[in-house]
Amino acid sequence: MADYANSIFGYGAQTPYLMGQDSGVGAQNAVGSYLQSQPASGISGTGSTADLSSILGYGNGPMFPAAPGQNQSSGLFSGMGGMDALKLGLGGLQTIGSLWQAWEANKLAKQQFSMQKNVAQTNLTNQISSYNTALEDKINSRYVTEGKTGDQAAAYIASHKLADAKI
């Protein structure tokens, strides 16, 4: 497994925290050989290979373990409390942004519900009015054709008429 990863990524004996102290295999490609042979000028860390953890100054986490002998407090973000403080700050900003987005979405949902409620109320009122008008026209025509009185038609309409919608 170590030889397979070594052949792909070019890690070797000079990166013991990645491949193990006794792997005894150097880099297998030109880029890996170059990186392992060149000194990292101005970058803290051990060995001749510059890695991201030595540049950014973190080495406490499981993803980027500190190299043997690496100074834990060196690097780009070391004066600000390290990457953990930066991650905490960015996580806080993300939480605030998520809360703001949820608040705005809730306001929009309330507005949409209010609008839909008004549309439904208007539609129901119009449907009731349309039904009552059609009922009056039909019953008045029928009762005139049958020779019944207007009072009989009005009594039938009153008993079958829909009441106004009040929600």
- Message: Tell me if a side-chain donor or acceptor on Ser114 pairs with a main-chain N or O of Lys110 at a distance below 3.5 Å.
- Response: no
Rounded to the nearest 0.5 Å, the CD1 atom of Ile128 sits from the NZ atom of Lys161 at a distance of 11.0 Å
Original post:
If Ile, Leu, Val, Met, Phe, Trp and Tyr residues are connected whenever their side-chain heavy atoms lie under 4.5 Å apart, and connections chain through other members, are Leu124 and Leu162 in the same group?
Top reply: yes
Heavy-atom closest pair (Ala153 atom, Asn140 atom, distance to 0.1 Å) is CB-OD1, 3.7 Å
* Look at the side chain of Ser130 and the backbone N and O of Asn126, then say whether any donor-acceptor pair between them is shorter than 3.5 Å. => no
Q. Does the Glu136 side chain pair with the main chain of Thr133, one donor and one acceptor, at a distance under 3.5 Å?
A. no
One should read off an interatomic distance between Asn123 CG and Asn118 CG, to the nearest 0.5 angstrom, of 12.5 Å
- prompt: Are Leu90 and Met83 connected, step by step, through hydrophobic side chains (Ile, Leu, Val, Met, Phe, Trp, Tyr) whose heavy atoms are closer than 4.5 Å?
  reply: yes
Rounded to the nearest 0.5 angstrom, the CD-CD distance for Gln152 and Glu146 is 9.5 Å
Is there a donor-acceptor pair closer than 3.5 Å between any side-chain N or O of Ser159 and the backbone N or O of Tyr156? yes
Query - Shared hydrophobic cluster, Ile139 / Val144 (ILVMFWY, side-chain heavy atoms < 4.5 Å) - result: no
Query raised in the report: So does Gln94 have more than 12 non-hydrogen atoms from other groups sitting under 6.0 Å from CD?
Result: no
Near Glu104 CD, under 6.0 Å, is it more than 12 heavy atoms from other residues, nucleotides or ligands? yes
CD1 (Ile157) and NZ (Lys138) are apart, to the nearest 0.5 Å, by 10.5 Å
